[in-house]
J.: 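Have a look at the structure that comes next, please.
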Amino acid sequence: MHRLTLGDFELSIFSDGTYPLDGGAFFGVVPKVMWSKRVTADERNYVITGLNSLLIRTGKQTVLVETGMGNKLSDRMIKFYGQPAKLLENLGAAGVAPEDIDIVINSHLHFDHCGWNTVRDKNGKIVPTFPRAKYYAPEGEWQYARQPSERDSISFIAENYDPLVESGQMTLLRGGEEIVPGISVETFRGHTASMQAIIIKGNPGGGTDGKGTASAVPGARDTGALAPEKNIACYISDLMPTSAHIDITWGMGFDLYPLDTIESKKRYYSRALPERWLTVFTHDPKVPWAYIEKDETGKLVAQEAK
Ligand SMILES: [Zn+2]
(Lines give C-alpha, C1' and ligand atoms only; values in the text may rest on other atoms or scores of the structure.)
Protein backbone atom coordinates (compact mmCIF):
# COMPACT_ATOMS: atom_id res chain seq x y z
CA MET A 1 0.00 0.00 0.00
CA HIS A 2 1.46 3.34 -1.05
CA ARG A 3 0.15 6.12 1.16
CA LEU A 4 1.60 9.33 2.54
CA THR A 5 0.53 12.66 3.93
CA LEU A 6 1.16 15.91 2.11
CA GLY A 7 0.41 18.67 4.57
CA ASP A 8 -3.20 18.15 5.53
CA PHE A 9 -3.92 15.92 2.52
CA GLU A 10 -3.67 12.14 2.44
CA LEU A 11 -2.44 10.63 -0.83
CA SER A 12 -2.77 6.96 -1.82
CA ILE A 13 -1.94 5.05 -4.98
CA PHE A 14 -4.48 2.59 -6.40
CA SER A 15 -3.62 0.41 -9.38
CA ASP A 16 -5.85 -0.79 -12.18
CA GLY A 17 -3.32 -3.58 -12.74
CA THR A 18 -0.48 -3.95 -15.23
CA TYR A 19 -0.31 -4.51 -18.98
CA PRO A 20 2.34 -5.24 -21.58
CA LEU A 21 3.72 -2.49 -23.82
CA ASP A 22 6.36 -2.77 -26.52
CA GLY A 23 9.61 -1.63 -24.93
CA GLY A 24 10.77 0.15 -28.08
CA ALA A 25 7.59 2.19 -28.29
CA PHE A 26 7.74 2.93 -24.57
CA PHE A 27 11.25 4.43 -24.81
CA GLY A 28 11.06 6.07 -28.24
CA VAL A 29 14.46 6.79 -29.75
CA VAL A 30 16.39 5.58 -26.69
CA PRO A 31 18.40 2.48 -27.70
CA LYS A 32 17.52 -0.79 -26.00
CA VAL A 33 21.10 -1.20 -24.74
CA MET A 34 20.36 1.84 -22.57
CA TRP A 35 16.75 1.36 -21.44
CA SER A 36 17.23 -2.37 -20.79
CA LYS A 37 19.52 -1.41 -17.90
CA ARG A 38 16.51 0.12 -16.18
CA VAL A 39 13.61 -2.08 -17.29
CA THR A 40 13.51 -5.75 -18.22
CA ALA A 41 11.78 -6.83 -21.44
CA ASP A 42 10.38 -10.29 -22.11
CA GLU A 43 11.25 -12.42 -25.16
CA ARG A 44 8.73 -10.49 -27.27
CA ASN A 45 10.28 -7.18 -26.15
CA TYR A 46 7.29 -6.28 -23.97
CA VAL A 47 7.77 -4.46 -20.68
CA ILE A 48 5.35 -4.47 -17.77
CA THR A 49 3.46 -1.19 -17.48
CA GLY A 50 1.47 0.00 -14.48
CA LEU A 51 -1.82 1.91 -14.28
CA ASN A 52 -1.59 4.14 -11.22
CA SER A 53 -4.48 6.26 -10.03
CA LEU A 54 -3.98 8.76 -7.22
CA LEU A 55 -6.58 9.13 -4.48
CA ILE A 56 -6.47 12.39 -2.54
CA ARG A 57 -8.39 12.92 0.66
CA THR A 58 -8.43 16.63 1.35
CA GLY A 59 -10.47 16.36 4.54
CA LYS A 60 -13.46 17.74 2.64
CA GLN A 61 -13.43 15.84 -0.63
CA THR A 62 -12.24 12.52 -1.98
CA VAL A 63 -10.57 13.11 -5.33
CA LEU A 64 -9.54 10.41 -7.81
CA VAL A 65 -6.91 11.35 -10.38
CA GLU A 66 -7.07 9.09 -13.47
CA THR A 67 -9.21 5.99 -13.83
CA GLY A 68 -6.96 3.43 -15.53
CA MET A 69 -7.97 1.21 -18.43
CA GLY A 70 -11.40 0.17 -17.21
CA ASN A 71 -13.41 -2.82 -18.42
CA LYS A 72 -14.81 -1.77 -21.79
CA LEU A 73 -11.97 -2.67 -24.18
CA SER A 74 -12.84 -4.27 -27.50
CA ASP A 75 -11.78 -7.89 -28.11
CA ARG A 76 -9.09 -6.62 -30.44
CA MET A 77 -7.61 -4.32 -27.80
CA ILE A 78 -7.80 -7.05 -25.18
CA LYS A 79 -5.56 -9.12 -27.48
CA PHE A 80 -2.90 -6.39 -27.31
CA TYR A 81 -3.21 -5.20 -23.75
CA GLY A 82 -5.25 -7.69 -21.76
CA GLN A 83 -7.71 -5.94 -19.53
CA PRO A 84 -6.60 -6.10 -15.89
CA ALA A 85 -9.58 -4.03 -14.58
CA LYS A 86 -8.42 -4.04 -10.96
CA LEU A 87 -9.13 -0.46 -9.87
CA LEU A 88 -12.57 -0.87 -8.29
CA GLU A 89 -11.46 -4.04 -6.53
CA ASN A 90 -8.37 -2.32 -5.15
CA LEU A 91 -10.34 0.74 -4.02
CA GLY A 92 -12.92 -1.54 -2.42
CA ALA A 93 -10.26 -3.47 -0.51
CA ALA A 94 -9.27 -0.14 1.10
CA GLY A 95 -12.89 0.63 1.94
CA VAL A 96 -13.41 3.16 -0.88
CA ALA A 97 -16.75 2.68 -2.69
CA PRO A 98 -17.56 4.33 -6.05
CA GLU A 99 -20.13 6.49 -4.23
CA ASP A 100 -17.39 7.91 -2.01
CA ILE A 101 -15.62 9.70 -4.87
CA ASP A 102 -16.53 13.41 -5.09
CA ILE A 103 -14.25 14.40 -7.95
CA VAL A 104 -12.56 12.57 -10.84
CA ILE A 105 -9.81 14.27 -12.85
CA ASN A 106 -8.39 12.92 -16.14
CA SER A 107 -5.03 14.25 -17.35
CA HIS A 108 -5.94 13.32 -20.92
CA LEU A 109 -8.39 11.03 -22.67
CA HIS A 110 -6.31 8.11 -23.96
CA PHE A 111 -8.08 4.86 -23.11
CA ASP A 112 -5.57 3.85 -20.42
CA HIS A 113 -6.24 7.02 -18.38
CA CYS A 114 -10.03 7.35 -18.28
CA GLY A 115 -11.26 3.77 -18.69
CA TRP A 116 -13.17 3.53 -15.42
CA ASN A 117 -14.92 6.87 -15.92
CA THR A 118 -17.90 4.82 -17.09
CA VAL A 119 -19.20 1.26 -17.06
CA ARG A 120 -21.96 -0.59 -18.87
CA ASP A 121 -24.93 -1.34 -16.63
CA LYS A 122 -26.83 -4.63 -16.88
CA ASN A 123 -28.90 -3.29 -19.78
CA GLY A 124 -25.78 -2.29 -21.70
CA LYS A 125 -26.24 1.40 -21.04
CA ILE A 126 -23.13 3.48 -20.35
CA VAL A 127 -23.32 5.00 -16.86
CA PRO A 128 -20.85 6.86 -14.66
CA THR A 129 -18.81 4.50 -12.47
CA PHE A 130 -18.63 7.16 -9.77
CA PRO A 131 -22.26 8.30 -9.63
CA ARG A 132 -21.82 11.29 -7.31
CA ALA A 133 -18.59 12.57 -8.80
CA LYS A 134 -17.98 15.70 -10.76
CA TYR A 135 -15.62 14.78 -13.59
CA TYR A 136 -12.95 17.04 -15.11
CA ALA A 137 -10.84 16.65 -18.26
CA PRO A 138 -8.94 18.99 -20.59
CA GLU A 139 -11.15 20.62 -23.19
CA GLY A 140 -8.40 20.45 -25.83
CA GLU A 141 -8.18 16.70 -25.33
CA TRP A 142 -11.90 16.28 -25.78
CA GLN A 143 -11.94 18.40 -28.92
CA TYR A 144 -9.03 16.40 -30.34
CA ALA A 145 -10.64 13.07 -29.38
CA ARG A 146 -13.58 13.84 -31.64
CA GLN A 147 -11.26 13.87 -34.69
CA PRO A 148 -8.00 12.20 -33.71
CA SER A 149 -5.16 11.59 -36.13
CA GLU A 150 -4.82 8.19 -37.76
CA ARG A 151 -1.73 7.76 -35.62
CA ASP A 152 -3.50 7.67 -32.26
CA SER A 153 -7.18 7.16 -33.07
CA ILE A 154 -6.95 3.65 -31.53
CA SER A 155 -6.31 5.35 -28.16
CA PHE A 156 -9.78 6.87 -27.86
CA ILE A 157 -12.98 5.24 -26.61
CA ALA A 158 -15.72 7.85 -26.75
CA GLU A 159 -17.85 5.99 -24.18
CA ASN A 160 -15.30 7.00 -21.55
CA TYR A 161 -16.19 10.69 -21.78
CA ASP A 162 -18.87 11.65 -24.32
CA PRO A 163 -21.83 10.49 -22.20
CA LEU A 164 -20.44 12.49 -19.25
CA VAL A 165 -19.96 15.62 -21.32
CA GLU A 166 -23.46 15.24 -22.76
CA SER A 167 -25.07 14.84 -19.35
CA GLY A 168 -23.13 17.76 -17.91
CA GLN A 169 -21.36 15.57 -15.35
CA MET A 170 -17.95 16.30 -16.93
CA THR A 171 -16.53 19.81 -16.90
CA LEU A 172 -13.95 20.63 -19.57
CA LEU A 173 -10.86 22.56 -18.47
CA ARG A 174 -8.69 25.10 -20.24
CA GLY A 175 -5.66 24.54 -17.99
CA GLY A 176 -4.75 26.63 -14.95
CA GLU A 177 -7.98 26.04 -13.05
CA GLU A 178 -8.05 25.25 -9.34
CA ILE A 179 -10.61 22.48 -8.96
CA VAL A 180 -10.76 22.45 -5.17
CA PRO A 181 -8.51 24.45 -2.84
CA GLY A 182 -5.02 22.99 -3.24
CA ILE A 183 -5.69 20.93 -6.38
CA SER A 184 -5.14 22.56 -9.77
CA VAL A 185 -4.32 21.60 -13.34
CA GLU A 186 -1.69 22.88 -15.72
CA THR A 187 -1.12 22.05 -19.39
CA PHE A 188 2.14 20.29 -20.30
CA ARG A 189 2.32 19.79 -24.05
CA GLY A 190 4.33 16.93 -25.53
CA HIS A 191 2.66 13.55 -25.15
CA THR A 192 -0.42 15.27 -26.58
CA ALA A 193 -1.24 18.91 -27.26
CA SER A 194 -3.39 19.53 -24.19
CA MET A 195 -2.47 16.98 -21.53
CA GLN A 196 -2.76 18.48 -18.06
CA ALA A 197 -0.72 17.67 -14.98
CA ILE A 198 -2.53 17.70 -11.65
CA ILE A 199 -0.70 19.76 -9.02
CA ILE A 200 -1.54 19.11 -5.38
CA LYS A 201 -0.56 21.50 -2.60
CA GLY A 202 -1.28 20.24 0.87
CA ASN A 203 -1.69 22.96 3.44
CA PRO A 204 1.57 22.81 5.41
CA GLY A 205 -0.35 23.71 8.56
CA GLY A 206 -1.78 20.22 8.72
CA GLY A 207 -0.12 16.87 9.07
CA THR A 208 3.30 18.25 9.96
CA ASP A 209 4.76 20.84 12.27
CA GLY A 210 4.34 23.53 9.64
CA LYS A 211 7.96 23.33 8.54
CA GLY A 212 7.34 20.43 6.20
CA THR A 213 8.81 16.99 6.65
CA ALA A 214 12.42 18.00 6.32
CA SER A 215 13.71 15.48 8.83
CA ALA A 216 12.29 12.66 6.71
CA VAL A 217 13.62 14.03 3.45
CA PRO A 218 16.47 11.97 1.99
CA GLY A 219 19.47 14.15 1.23
CA ALA A 220 18.51 16.91 3.63
CA ARG A 221 20.89 15.53 6.24
CA ASP A 222 23.85 15.76 3.85
CA THR A 223 23.80 19.52 3.65
CA GLY A 224 22.46 20.16 7.10
CA ALA A 225 19.99 22.54 5.48
CA LEU A 226 16.25 22.27 5.53
CA ALA A 227 15.06 21.00 2.18
CA PRO A 228 12.62 23.48 0.64
CA GLU A 229 9.78 21.02 1.15
CA LYS A 230 6.56 22.71 0.17
CA ASN A 231 4.13 19.85 0.38
CA ILE A 232 3.60 19.83 -3.36
CA ALA A 233 2.94 16.71 -5.41
CA CYS A 234 2.38 16.47 -9.14
CA TYR A 235 0.66 13.80 -11.17
CA ILE A 236 2.71 14.48 -14.27
CA SER A 237 1.01 11.72 -16.27
CA ASP A 238 2.51 10.70 -19.63
CA LEU A 239 5.05 13.52 -19.66
CA MET A 240 7.10 11.19 -17.42
CA PRO A 241 5.26 7.87 -17.31
CA THR A 242 7.77 5.99 -15.12
CA SER A 243 10.82 6.62 -12.96
CA ALA A 244 12.87 5.36 -15.94
CA HIS A 245 11.67 8.31 -18.05
CA ILE A 246 12.95 11.17 -15.92
CA ASP A 247 15.84 12.16 -18.21
CA ILE A 248 15.01 15.18 -20.34
CA THR A 249 15.45 13.28 -23.63
CA TRP A 250 13.85 9.96 -22.62
CA GLY A 251 10.41 10.48 -24.15
CA MET A 252 8.01 7.82 -25.35
CA GLY A 253 7.58 6.81 -28.98
CA PHE A 254 3.88 7.58 -28.47
CA ASP A 255 4.53 11.28 -27.86
CA LEU A 256 2.87 13.36 -30.56
CA TYR A 257 5.20 16.34 -29.99
CA PRO A 258 8.56 14.95 -28.83
CA LEU A 259 10.41 18.28 -28.87
CA ASP A 260 7.71 19.79 -26.69
CA THR A 261 8.08 16.87 -24.28
CA ILE A 262 11.67 18.04 -23.73
CA GLU A 263 10.65 21.68 -23.19
CA SER A 264 7.82 20.68 -20.86
CA LYS A 265 10.13 18.50 -18.77
CA LYS A 266 12.52 21.45 -18.41
CA ARG A 267 9.64 23.66 -17.32
CA TYR A 268 8.53 21.00 -14.85
CA TYR A 269 11.99 20.60 -13.33
CA SER A 270 12.51 24.35 -13.02
CA ARG A 271 9.95 24.23 -10.20
CA ALA A 272 9.85 20.59 -9.14
CA LEU A 273 13.56 20.32 -8.33
CA PRO A 274 14.05 23.46 -6.18
CA GLU A 275 10.68 23.01 -4.47
CA ARG A 276 11.17 19.27 -4.07
CA TRP A 277 7.87 18.16 -5.55
CA LEU A 278 6.71 14.59 -5.14
CA THR A 279 6.37 13.25 -8.70
CA VAL A 280 3.65 10.65 -9.30
CA PHE A 281 4.30 8.20 -12.16
CA THR A 282 1.22 7.03 -14.01
CA HIS A 283 2.72 3.89 -15.62
CA ASP A 284 5.45 2.74 -13.22
CA PRO A 285 4.58 -0.76 -11.96
CA LYS A 286 7.03 -0.55 -9.03
CA VAL A 287 7.77 3.08 -8.10
CA PRO A 288 4.50 5.02 -8.20
CA TRP A 289 6.04 8.19 -6.77
CA ALA A 290 9.45 9.65 -6.05
CA TYR A 291 11.39 12.80 -5.29
CA ILE A 292 13.53 13.62 -8.32
CA GLU A 293 16.87 15.19 -7.56
CA LYS A 294 20.28 15.71 -9.09
CA ASP A 295 23.13 13.56 -7.83
CA GLU A 296 26.67 14.89 -7.42
CA THR A 297 27.37 14.35 -11.14
CA GLY A 298 24.29 16.33 -12.15
CA LYS A 299 22.36 13.24 -13.23
CA LEU A 300 18.66 13.14 -12.41
CA VAL A 301 17.77 10.38 -9.96
CA ALA A 302 14.43 9.31 -8.54
CA GLN A 303 14.35 8.72 -4.77
CA GLU A 304 11.33 6.62 -4.07
CA ALA A 305 9.01 8.13 -1.48
CA LYS A 306 8.29 5.64 1.32
ZN1 LIG B 1 -0.75 6.53 -20.75
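Remember, it's 1-based here, ligands and their atoms both numbered in the order they're listed. For clarity, every value in this text was computed on a predicted model and none was experimentally measured.
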J.: Answer yes or no for Arg57 and Phe9: cation-pi contact, defined as NZ/CZ to six-membered ring centre under 6.0 Å and angle to ring axis within 45°.
T.: no
J.: Indicate if the distance from the Zn ion (ligand 1) to the nearest N, O or S atom of His283 falls below 2.8 Å.
T.: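 Given the 2.8 Å cut-off, His283 counts as a ligand of the Zn ion (ligand 1).
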J.: Which single N/O/S atom of Asp238 lies at minimum distance from the Zn ion (ligand 1)?
T.: OD2
J.: Answer yes or no: does atom CZ of Arg38 have more than 12 heavy-atom neighbours from other residues, nucleotides or ligands under 6.0 Å?
T.: yes
J.: Can the ring centroids of Tyr161 and Tyr135 be said to lie less than 6.0 angstrom from one another?
T.: no
J.: Does His113 bring an N, O or S atom to within less than 2.8 Å of the Zn ion (ligand 1)?
T.: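 Yes - counting backbone and side chain alike, His113 has an N, O or S atom under 2.8 Å.
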J.: Which class fits the ring pair His113 and His108: parallel under 30°, tilted 30 to 60°, perpendicular over 60°?
T.: tilted
J.: Nearest N/O/S atom of Asp112 with respect to the Zn ion (ligand 1), by atom name, please.
T.: OD2
